[in-house]
Amino acid sequence: MGYYRGATICLNGHVVSNWDKNYQKHCKECGSQTISSCTNCDAAIEGEYHEPSIMVIGGTYQRPSHCQECGHAYPWTERVINNAVELLSLDENISEEHKLIIKNAFPDLMVETPATPVAVAKYKTYVPKAAETVQNGLKNIFVDVVSEAVKKSIWG
């Protein structure tokens, strides 16, 4: 019977170790503090799945967005959404009402749920009205954290 190893991930989302919890205190890439447990409920962040009887070479670890125990967004997920909201707030071309619609769609772009197609439609309807720098910035923020289906739907 296999089990999940602990992971160490920095607050910006860089995977420091997908095999050992509390691997190091700070990230080598950005210097940010690392965590190995949920900041909301203290559950361990799941790392690689380990099956003692099977040797795996070159696994494909996917950094989690939310805690598997309490469902709370991890700090790196919150930062992506907060950065997108801040960037959107700089735009002067979009009305406050439309900004609110877009902001509320951001979380559903990051996970596959029944609300994701609606979030994609909102994004595609209103973000093209934003300044080009905001459009490009939002793409840069989201391109590495949304699913392939969302990428294809929004950016082709």
Side-chain angles (χ1 to χ4, degrees), residues 4-49 58-91 94 98-156:
Y4 285 97
R5 302 286 303 234
T8 304
I9 303 175
C10 87
L11 297 177
N12 287 319
H14 299 120
V15 177
V16 176
S17 174
N18 60 4
W19 199 249
D20 289 318
K21 61 183 178 180
N22 302 316
Y23 184 72
Q24 62 193 42
K25 291 183 180 184
H26 293 91
C27 178
K28 290 180 190 176
E29 289 187 52
C30 67
S32 181
Q33 177 187 348
T34 63
I35 60 172
S36 292
S37 60
C38 175
T39 55
N40 188 58
C41 74
D42 208 37
I45 298 172
E46 288 184 349
E48 285 284 346
Y49 187 76
T60 56
Y61 178 71
Q62 295 265 338
R63 176 191 68 213
S65 298
H66 295 80
C67 176
Q68 74 279 359
E69 293 296 322
C70 71
H72 192 264
Y74 284 121
W76 48 89
T77 304
E78 291 177 339
R79 285 185 178 188
V80 166
I81 293 170
N82 290 342
N83 287 339
V85 167
E86 183 177 353
L87 180 60
L88 183 63
S89 72
L90 299 175
D91 191 84
I94 300 177
H98 290 164
K99 285 180 185 178
L100 184 60
I101 291 169
I102 298 167
K103 289 175 191 178
N104 290 336
F106 288 159
D108 290 320
L109 293 174
M110 305 219 12
V111 294
E112 288 289 332
T113 71
T116 302
V118 176
V120 168
K122 290 175 182 177
Y123 189 99
K124 288 175 72 173
T125 300
Y126 297 114
V127 170
K129 298 175 183 178
E132 187 175 341
T133 54
V134 172
Q135 291 180 48
N136 292 337
L138 289 173
K139 181 178 180 181
N140 289 335
I141 288 170
F142 283 118
V143 74
D144 291 330
V145 295
V146 299
S147 71
E148 289 301 317
V150 170
K151 283 182 201 176
K152 195 172 186 177
S153 294
I154 294 176
W155 300 296

Pair listing, salt bridge (Lys or Arg N to Asp or Glu O under 4.0 Å) test, anchored in residues 10-38, at least two apart: R5-D20
Pick one: which of S17, S37, S36 meets side chain to side chain donor-acceptor pair (under 3.5 Å) with T8? S36
Calculate, to the nearest 0.5 Å, the distance between atoms CG and CD1 belonging to D42 and I35 respectively. 10.0 Å
Kindly compute the distance separating NE2 (H72) from NE2 (H66), expressed to the nearest 0.5 Å. 8.5 Å
Could you report the tightest heavy-atom contact between V16 and C10, atom names first, then the distance? CG2-N, 4.2 Å
Check the pair V146 / Y123 against side chain to side chain contact (heavy atoms under 4.5 Å, CB included), numbers first and verdict last. CA-CA 13 Å; V146 299; Y123 189 99; over 6 Å; no
Check whether any side-chain N or O of R63 sits under 3.5 Å from a backbone N or O of G13 as a donor-acceptor pair, and report yes or no. yes
Closest approach of E46 to Y61 (non-hydrogen atoms, all atoms of both residues): O-OH, 2.6 Å
Just wondering, more than 12 heavy atoms not from K129 lying within 6.0 Å of its NZ? yes
Checking the side chain of D91 only, and the main-chain atoms of A131 only, is there a donor and an acceptor separated by less than 3.5 Å? yes
Would you call the rings of F142 and F106 parallel, tilted or perpendicular, taking 30° and 60° as the class edges? tilted
Is there a donor-acceptor pair under 3.5 Å between the side chain of T116 and the backbone N or O of L109? no
Derivation of the side chain to side chain contact (heavy atoms under 4.5 Å, CB included) call for I101 and H98: CA-CA 5 Å; I101 291 169; H98 290 164; 4.1 Å; yes
So, does E69 use its side chain to make a donor-acceptor pair with the main chain of I45 at under 3.5 Å? no
Is Q24 atom CD crowded by more than 12 heavy atoms from other residues, nucleotides or ligands, each under 6.0 Å away? yes
Minimal heavy-atom distance between N104 and P107, with the atoms involved, is O-CD, 3.6 Å
V15 side chain reached by W76 side chain, heavy atoms, under 4.5 Å: no
Output, in order, the C-alpha distance, side-chain angles, deciding distance and verdict of side chain to side chain contact (heavy atoms under 4.5 Å, CB included) for C30 and H14. CA-CA 8 Å; C30 67; H14 299 120; 3.6 Å; yes
Output the distance between atom CG (N18) and atom OH (Y49), rounded to the nearest 0.5 Å. 15.5 Å
Look only at the side chain of K124 and the backbone of S153, and say whether a donor-acceptor pair between them is shorter than 3.5 Å. yes
Find out whether P75 and I9 are in side-chain contact, i.e. whether some heavy atom of one side chain is under 4.5 Å from a heavy atom of the other. no
Check for a donor-acceptor pair, side chain of Q135 on one end and backbone N or O of P128 on the other, with a separation under 3.5 Å. yes
Distance from L138 atom CG to L88 atom CG, nearest 0.5 Å? 6.0 Å
Could you state the interatomic distance from CG (N140) to OG1 (T133), rounded to the nearest 0.5 Å? 11.0 Å
Is there a side-chain contact between I102 and V127 (heavy atoms, below 4.5 Å)? yes
Heavy-atom pair of closest approach, residues E112 and A149: OE2-CB, 4.0 Å
Write down the atom of C41, the atom of C38, and the distance for their closest heavy-atom approach. N-SG, 3.4 Å
Using every non-hydrogen atom in the two residues, find where I94 and A130 come nearest and quote the distance to one decimal. CD1-CB, 3.4 Å
